[in-house]
Amino acid sequence: MEAPKSGTEAMDEHKLAEMGYRQDLQRDWSMLHNFGVSFSIISVITGLTTLFQYGLNTGGPAVMSVGWIIVSFFTIFVGLGMAEIVSAIPTSGGPYFWAAILAPKSIAPFASWVTGWYENLSLAVQSPCSSLVRFNLLGQVAVTTGITFGLANLISTTATIGTNYEPTAGKTLGIYAAVLFSHGVINSFGVRALRYLNNTSIILHSVGISCFCIAVLAKAPTHQSAKFVFSTFNDGTGADGPGWSVRASPAYVAAIGVLMSQYTITGFDASAHLSEETRNASWSAPLGVLMSIGVSALFGFFVILSLLFSIQDFDTTVGSDYEQPVVQILIDIFGESGAIVLMTLIMVCVYHCGLFSMTSNSRMMFGFSRDGGLPHFFDKVDARHRAPIRAIWLAATLSFLLAIPSLGSTVAFSAATSIATIGLYISYGLPILIGLIWPRNFKKGPFNLTYASRWIALVAVLWICFITIVFCLPTANPVDSQTLNYTPVAVGIVALWTFGSWFLWASRWFTGPVRQIQAEQLGIDLEDPAAMEKVEIQEKLAGDGNNPKTE
């Protein structure tokens, strides 16, 4: 016999039913758990460690430290805009569902389609000469790949310390596959265990990383000056000659250098994707978004300062034989044995980051599939484990495929991080922009920015426009087939795919978020694509409140 529901649980299910969905997923996450998932996915130690080399070469300490402050400031505006929306529309679909609800009925399906593909699959990112880059891999899958592939590289690099181990592309791919498989297994069969792993992750990313930073600062034989940390500019963007600071300007290098910071502070939309599994979601999910950004900003700044102040020799660190400056810093301070211990702590944190990135990614795919943006095959929830297992393994498979062409290519990896950042932030920005343009359609939830709402939304949208342009610019000089930043090519092809697919065929059947409850009341089989294509079904769904708002 099913246990009686609490008042909060009943309220959450009623809110979900108002949006047209059944409570299929297990709703037993607290606000702390919701925050923890986003905090784990942001995982400042992950982004900073994997892109520390990029930061040192593209602007150096000054851009890394000051850039982090600037990026954190403007990302708060994006988070505020998202928090206000998720409070009003707490569903696992996240941004693509928000876009459909906030847009006028006439363009709601189109807005939902574009936003969903930007966020969901930005990861068939292939080689620079790839003929097709699927847009729905641009955000969620790209981030999962970047995190887990970065972990595989860290494992390979750490294994070389004091040994004869020689990393190869094949070995790294094997490590990557093993880690990805373990993430899929835990997400599929350990949904309850995820809550406890979430608690562990919060402790690791807060207490563990704090101890890491304190140990680095305390043990370092010498410390750099504040002038070095906040004003030393380094341009390593020139492969065989002058860098972009000479060819263009130092401001250009500083602009492209903030990729390290902006890529690190991504993934906080996980609080939205987990809202159907979170108690009191209208409050917990928006607070999860904002807390994850704010806490990550503080911890990230602490990590950056501790590493930069503890650099023993800048040139040796940048040109490290390990090709990983963080490893070099730790070896200079603690020796090989100590470096292995601390790198293990970092890798455990990165593992949790990748694990929960797949959790968020699969929920996005589940929601998008439930509404017809992906085949309905992927919207099944396992009755025993209460997990979208098919969506989980779709996420794992796509993440694995993305990594294959990126093996051994630092240019490809940095381009993938640019694509992931652009894809996700565009998906964040589109609903905010739609709410800004059509404010009457936006029925606010408990978290309400009142009169500041539109100004905050405007700043958020302008910042997203800025980083979208900047991260498409060349990062290495001279530009040739080996150093080309193929991000704009990938984004262009993805845009062509998204808009082309809409006008050629998707517009004839994709109606935006499909409300389960109302469709079932009408006798519509959600498994039958032919049924969903019929115009009369679209009209019935719309007439029954598929998009309940004022034009």
| Any side-chain heavy atom of W98 within less than 4.5 Å of one from M82? | yes
| query | Do the side chains of P388 and F378 get nearer than 4.5 Å, heavy atoms only? | reply | no
| query | Does the side chain of K227 reach to within under 4.5 Å of the side chain of T232, using non-hydrogen atoms? | reply | no
| message | Has S453 got a side-chain atom pairing as donor or acceptor with L449's backbone, closer than 3.5 angstrom? | response | no
| request: Taking the six-membered ring for Trp and the full ring for Phe, Tyr or His, determine whether the centres of W502 and F499 are under 6.0 Å apart. | output: no
| field | Note, T158 side chain near Q324 side chain (heavy atom, < 4.5 Å) | value | no
| message | What I'd like to find out is whether the side chain of Y54 reaches to under 4.5 Å of the side chain of I256, using heavy atoms alone. | response | yes
| query | Using the ring of each side chain (for Trp, its six-membered ring), is F503 parallel, tilted or perpendicular to F110, with breaks at 30° and 60°? | reply | tilted
| said: Under the salt bridge (Lys or Arg N to Asp or Glu O under 4.0 Å) definition, can you give me all pairs with a residue in residues 81-90, not counting sequence neighbours? | reply: E84-K444
| task | Could you tell me if the ring centre of Y428 sits under 6.0 Å from that of F268? | result | yes
| Can you tell if the side chain of F442 reaches within under 4.5 Å of the side chain of I85, non-hydrogen atoms only? | yes
| said: With a 4.5 Å cut-off on side-chain heavy atoms, are T421 and L259 touching? | reply: yes
| Would you say L308 and F52 make side-chain contact, with heavy atoms under 4.5 Å? | yes
Atom pairs and distances, donor-acceptor, side-chain atoms in residues 66-73, under 3.5 Å, two or more places apart:
unit_1, atom_1, unit_2, atom_2, d
W68, NE1, S72, OG, 3.4
W68, NE1, A297, O, 2.9
S72, OG, W68, O, 2.8

| query | Looking at D313, I311, T316, which one forms a side chain to side chain contact (heavy atoms under 4.5 Å, CB included) with Q328? | reply | T316
| query | Has the side chain of S292 got a donor or acceptor atom that lies under 3.5 Å from a matching backbone atom of S38? | reply | no
| field | Within 6.0 Å of CZ in F233, more than 12 heavy atoms from elsewhere | value | yes
